[in-house]
Trainee: 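Sharing a structure here in structure tokens format.
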2 protein chains.
Amino acid sequence: MADLTVFGTGNMGQAIAGLGSRAGRAVELIGHDDTGTTVSGDLVVLAVPYPAVAEIIEQRRDQFGGRIVVDITNPIDFETFDRLVVPPDSSAAAQIAARLPDSRVLKAFNTTFAGTLAAGTVGPLPTTVLVAGDDGDAKANLVDLVTGAGLRAVDAGPLHRARELEAMAFLQIGLASAGAVPWTGGFGVVA
Amino acid sequence: MADLTVFGTGNMGQAIAGLGSRAGRAVELIGHDDTGTTVSGDLVVLAVPYPAVAEIIEQRRDQFGGRIVVDITNPIDFETFDRLVVPPDSSAAAQIAARLPDSRVLKAFNTTFAGTLAAGTVGPLPTTVLVAGDDGDAKANLVDLVTGAGLRAVDAGPLHRARELEAMAFLQIGLASAGAVPWTGGFGVVA
């Protein structure tokens, strides 16, 4: 039995699984072909690209009931790299929450590059994970994991604030792609 | 004759006028009752709250023709503090640019708290001004002012990226209002 289930074995999935281990949680990492594994963590992180989320939800919706589901995605239009694919008054998190009415959905980790999660720092600053969601206990669970791993966490407000978190991350990814900031840098939080 | 005209004598207007002076520009600061002064700077900064911009444009549109106009506003709904008052697929900068077809409009200074402009630092980081706009020469003019004052400037892309800059600043103001970050801190740029 795991405390934390992470979908996705890419750099973000590995980094978040690493945080869980550092925080003393039992971690389950589920890859793309792992369709037979049943989710056991109370905390589930969907560390896959936004277009891959729909299929996981379709296959696993029953398993996600009652659990905390963390959306880390940035729904960028990779054809134009100039817009998000979700409606402008919505967010990936809102779209995911609408498909998971029996789960407590959080938005987190979308503004922190993988390298900054692994290092624990963004330049001279501690890496800070911004967490949005409507359920206080769910947020406290994730904040405890993040701080237990030695990083900082800040409550960014209700789940609909995911719209601003995704906008900020889109901007940050654009700056990194343009070479204006390194993938080990970007936006830090001075608290 | 001024090089830089700043509308607004609040903390942002004063801080931006201060940057102009430090960068060696001749600065003109226009307050609310200064209706008789004719704009002389090639670079005009509207350092007033978003609701006050419309009246200035109405009164001064002819004077702004051919000039660079910098929008620094964050169009927050101050009744709910939970949304922006501009359409979700637009921005304050886009609204202002639509009213000033003969000006070159930039978005800047909306993600930097006044205290960080005056200090030149956000915690351990140099204060970084994110600048969006569609005219390269206009951006270069403003970047030159910012760097001439000892701060950093980063090109954030075309003017329609103001939507993300305003979302990021809305989030930052919410965090400061909630006490999660100080008004001398917030989001820094690790470049």
Trainee: When only heavy atoms count and the cut-off is under 4.5 Å, which of residues 152-189 of chain B reach chain A?
Mentor: B/Val154, B/Asp155, B/Ala156, B/His160, B/Arg161, B/Arg163, B/Glu164, B/Leu165, B/Ala167, B/Met168, B/Phe170, B/Leu171, B/Leu175, B/Ala180, B/Val181, B/Pro182, B/Gly185, B/Gly186, B/Phe187, B/Gly188, B/Val189

Trainee: What are the residues of residues 112-140 of chain A, in order of number, with any heavy atom under 4.5 angstrom from a heavy atom of chain B?
Mentor: A/Val122, A/Gly123, A/Pro124, A/Leu125, A/Leu130

Trainee: Same cluster or not: are A/Leu145 and A/Val27 linked, directly or through other Ile, Leu, Val, Met, Phe, Trp or Tyr residues, by side-chain heavy atoms under 4.5 angstrom apart?
Mentor: yes

Trainee: Examine A/Phe7 and A/Ile68 and state if one hydrophobic cluster contains both, with Ile, Leu, Val, Met, Phe, Trp and Tyr joined whenever side-chain heavy atoms are less than 4.5 Å apart.
Mentor: no

Trainee: Are A/Val146 and A/Leu29 linked, directly or through intermediate hydrophobic residues, by side-chain heavy-atom contacts shorter than 4.5 Å (ILVMFWY only)?
Mentor: yes

Trainee: Are A/Ile72 and A/Val69 linked, directly or through other ILVMFWY residues, by side chains that come within less than 4.5 angstrom of each other?
Mentor: no

Trainee: So if I take each residue of residues 78-100 of chain A and look for any heavy atom under 4.5 Å from a heavy atom in chain B, which residues do I end up with?
Mentor: A/Phe81, A/Asp82, A/Pro88, A/Asp89

Trainee: Taking heavy atoms only and a threshold strictly under 4.5 Å, list by residue number the residues of residues 38-67 of chain A that touch chain B; give 'none' if the list is empty.
Mentor: none

Trainee: Taking a hydrophobic cluster as the set of Ile, Leu, Val, Met, Phe, Trp and Tyr residues connected by side-chain heavy atoms closer than 4.5 Å, whether directly or through intermediates, do B/Ile16 and B/Val70 fall within one such cluster?
Mentor: yes

